[in-house]
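From a predicted model like this one, the values you see are computed outputs, not experimental measurements. Throughout, a chain's letter reflects where its sequence line sits, starting with A, and its residues are numbered from 1.
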There are 2 protein chains.
Amino acid sequence: MARGSTRPTSRDVAQAAGVSQAAVSLVLGDKWRGRVSEATARRVREAAEELGYRPNLAARNLRLGHTRTVLLVVPALTTEFFAGVYTGAARVAAQHGFGVVLYPSPEGVGPARDPFASAQAALDGVIASSMAADALTAIRGDQLPLVMLDSDPDGSLGAATVNLDIADGIRQVADHLLALGHRRFLHLAADVPSWTFEVRARELAARVGAVADTELRTARAPITIDGARAAAEAALSGPGPRPTALVCDDDKLAAGAYKAARRLGLRIPDDLSVTGLDDLALATALDPELTTVRLDAELFGERGMQALLAVLEGRAPDGGDIPVELVVRGSTGAPGHRRP
Amino acid sequence: MARGSTRPTSRDVAQAAGVSQAAVSLVLGDKWRGRVSEATARRVREAAEELGYRPNLAARNLRLGHTRTVLLVVPALTTEFFAGVYTGAARVAAQHGFGVVLYPSPEGVGPARDPFASAQAALDGVIASSMAADALTAIRGDQLPLVMLDSDPDGSLGAATVNLDIADGIRQVADHLLALGHRRFLHLAADVPSWTFEVRARELAARVGAVADTELRTARAPITIDGARAAAEAALSGPGPRPTALVCDDDKLAAGAYKAARRLGLRIPDDLSVTGLDDLALATALDPELTTVRLDAELFGERGMQALLAVLEGRAPDGGDIPVELVVRGSTGAPGHRRP
DNA sequence: CGGCGGACGTTATACGTACAACGTGATGGG
DNA sequence: CCCATCACGTTGTACGTATAACGTCCGCCG
């Protein structure tokens, strides 16, 4: 884990390029015009690239007396509303060279009474969801200790992983539907490249394929209610015998499926059984309430943090997937109650 | 805005207490046992309190070489799932003296390819929702430029404000329901002390009270689906003639109201018209789709950031509430179609 | 041939903190 | 009576960066 080696500083870059630290600062700070030759500037940039130099933000902030960073305090993360607030603020901020850091005030007994203590930033490590794929390359650029959430344990990243036992959840869903008598399945899959979604597809195919006379189709949709509605509507009104069970990659997709069913005049669960995954509040806001797989998000976060602490202390993070639980509600039943 | 005065440093505290800077660091860092007398330590703490001293985190981080801060990268803020992940991670982190900063990877064309550039923290300013009330005292402790979202413009905080025109939204809701013929109203109010919710109550009362023979009751609920369900169920099964219109403080409360209606055997909108506020994806996942007030969350965020930039540059932020829009869907209709 | 200015860098310093190393009286033991 | 110990601090320094203030070499003009 490269314990001994410390991060290169601007002085290291200077030495490598055969110039002074000041010259490095000028070049990398884009203030060198008329002060440093083009050739030297290039040498500096190459040396920086070579060493993987990244400026120490604490030092820069100290020197500059400001950080061009702003804190957005929101009541909680539970609503899409503040997601939009963040997006808008971040966009404008970026246009002005500012960054935005989120401090969601913790629900219940808040541990950190002082948001500023938590926003001191510059990082010791990273916890990352495998769905935030585009950020990963940037993360790997630094040598920061990294914990991945729901990612391929054997992946090439070489990072510690903490996983929910999604595979088991999908198996429970499949077994539940098979036991009810379903044989024609539609998998409404998230259109996002991520290990966690690959697992769903693989396990569902394995479990359904193990039973005779079954059929499994797949439709892909972005993870939005209306994206899912469109995909489900198209798939359900296609040719051939209609599927009787719809397995969705998450609850939000399932909500879209409900909309699709309404528009097609299909009744849940009489004409179509639907399952989700997550067990959001949304699941019980639907009518009928959604059969889904409950994920313990808080535990997931705790385990992620514990794993990172372990890595930081040189210990091995303790493995083991986090168990999940099938919650059977009104959206699943035996197929074919009304005209099949 | 206290432009001239700069933030006090540990040296200022030392001078005020008549000791050296090192002594201040020892006392405030809780490493003084056996090195500084109780009396001196007290003097230092008092001086620090007096001056409103807060350590410069950039300097501390530079000195220490670490920050005890961790970044949590999540795909987006749209799901409650990652809210739970954050809560759990933050709890464990706090137990270990760590803080967690959120970097939600921006949706669509992400401005900041490098999350770390955005996480440099130590703050130039703050944007805060009026709902995150407990954090406000801490915020005011620092003299940071502050922009409040949806807060009392004449409040004692002396901060800049950016507001949605919630009052107008509620007026549109009230007028819509009154025009449909409703006269008995129930207000399902958020059980959160915040100016933005006070406005809802005040405007609704004013608008409904202006019409003869109307009645307005109020029920309070925490902003959760099941909290709202319980409150609405209790209020709707109470004595006296049942309300025909249920005005909810936001969409999530409305989702709870749907559940309550189902349990009471009330049909929407035949027996009960329901309205929300936010226009979340949830609104169109409900059956029937929810009549609600659309808030432009992104614009809200943009305006908040622009206001903060204005304050930082010494300009006056441009005022003006952000307009909102009533979206009429299937959850509202004329009262009393079936047995009133 | 003196010197002047542009091109190209370098040296020195400060930001605010934490902590190692170093006083300095007073007390007490041998 | 002299040195060790203790209680109570202080002096000094380093973290990594940005930038103001200085060189220094060279060509060229008068």
Side-chain angles (χ1 to χ4, degrees), chain A residues 6-45 47-48 51-69 97 116-117 120-124 142, chain B residues 6-45 47-48 51-69 97 116-117 120-124 142:
Chain A
T6 178
R7 260 173 60 168
T9 73
S10 60
R11 217 173 308 267
D12 297 329
V13 175
Q15 188 164 6
V19 297
S20 71
Q21 180 266 329
V24 173
S25 178
L26 289 175
V27 171
L28 266 32
D30 224 29
K31 297 206 155 59
W32 56 284
R33 248 155 298 251
R35 322 235 306 137
V36 175
S37 73
E38 192 88 37
T40 307
R42 185 165 29 247
R43 269 212 331 282
V44 168
R45 277 192 292 261
L51 295 178
Y53 169 73
R54 320 215 98 214
N56 179 319
L57 295 177
R60 170 180 293 172
N61 295 345
L62 175 58
R63 173 67 228 248
L64 258 25
H66 68 248
T67 60
R68 317 225 102 207
T69 296
F116 303 98
Q120 55 200 39
L123 309 163
D124 283 352
D142 286 88
Chain B
T6 179
R7 262 174 58 171
T9 73
S10 61
R11 216 173 310 268
D12 297 329
V13 175
Q15 189 165 5
V19 297
S20 71
Q21 178 268 331
V24 173
S25 178
L26 288 176
V27 171
L28 267 30
D30 223 28
K31 297 205 153 59
W32 55 282
R33 251 154 296 252
R35 322 236 306 137
V36 175
S37 73
E38 192 88 37
T40 307
R42 188 167 24 252
R43 271 213 327 285
V44 168
R45 275 191 292 262
L51 296 178
Y53 169 73
R54 318 217 100 212
N56 180 319
L57 296 178
R60 170 179 293 173
N61 294 346
L62 174 59
R63 173 67 229 250
L64 259 26
H66 67 246
T67 61
R68 317 224 105 208
T69 297
F116 303 99
Q120 54 198 43
L123 310 163
D124 284 350
D142 287 270

message: Using side-chain heavy atoms (C-beta onward) and a distance below 4.5 Å, is B:Trp32 in contact with B:Glu38?
response: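 Contact flag for B:Trp32/B:Glu38 side chains = yes.
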- prompt: Side chains of B:Arg42 and B:Val27: closer than 4.5 Å at any heavy-atom pair?
  reply: no
task: For A:Val24, report the nucleic acid contact type (base, sugar-phosphate, nothing); a contact means any heavy atom under 4.0 Å.
output: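 No contact at all - A:Val24 keeps every heavy atom at 4.0 Å or more from the nucleic acid.
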field: Side chain of A:Ser25 - closest among D:dT19, C:dT11, D:dT10
entry: D:dT19
Closest nucleotide among D:dG12, D:dG9, C:dT17 to the B:Ser10 side chain: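 For the B:Ser10 side chain, the nearest candidate turns out to be C:dT17.
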Rounded distance (Å) that lies between atom [atom2] of [N] and atom [atom1] of [X]:
{"X": "B:Leu28", "N": "C:dG16", "atom1": "CG", "atom2": "P", "answer": "16 Å"}
{"X": "B:Arg42", "N": "D:dC8", "atom1": "CZ", "atom2": "P", "answer": "13 Å"}
{"X": "B:Leu26", "N": "D:dT11", "atom1": "CG", "atom2": "C1'", "answer": "13 Å"}
{"X": "B:Gln21", "N": "D:dG12", "atom1": "CD", "atom2": "P", "answer": "13 Å"}
{"X": "B:Lys31", "N": "C:dT17", "atom1": "NZ", "atom2": "C1'", "answer": "12 Å"}
{"X": "A:Arg11", "N": "D:dC15", "atom1": "CZ", "atom2": "P", "answer": "8 Å"}
{"X": "A:Tyr53", "N": "D:dG16", "atom1": "OH", "atom2": "P", "answer": "10 Å"}
{"X": "A:Trp32", "N": "D:dT17", "atom1": "CH2", "atom2": "P", "answer": "20 Å"}

field: Enclosure of A:Gln21 CD (heavy-atom neighbours >12, cutoff 6.0 Å)
entry: yes
Distance below 4.0 Å between [X] side-chain N/O and [N] OP1 or OP2:
{"X": "A:Ser37", "N": "C:dG9", "result": "yes"}
{"X": "B:Thr9", "N": "C:dG16", "result": "no"}
{"X": "B:Thr40", "N": "D:dC8", "result": "no"}

- prompt: Any idea which heavy atoms bring B:Leu28 and B:Ala48 closest together, and the distance?
  reply: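 Closest heavy-atom pair between B:Leu28 and B:Ala48: CD2-CB, 4.2 Å.
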message: How long is the straight-line distance from OG of B:Ser10 back to CG of B:Leu51, given to the nearest 0.5 Å?
response: 11.5 Å
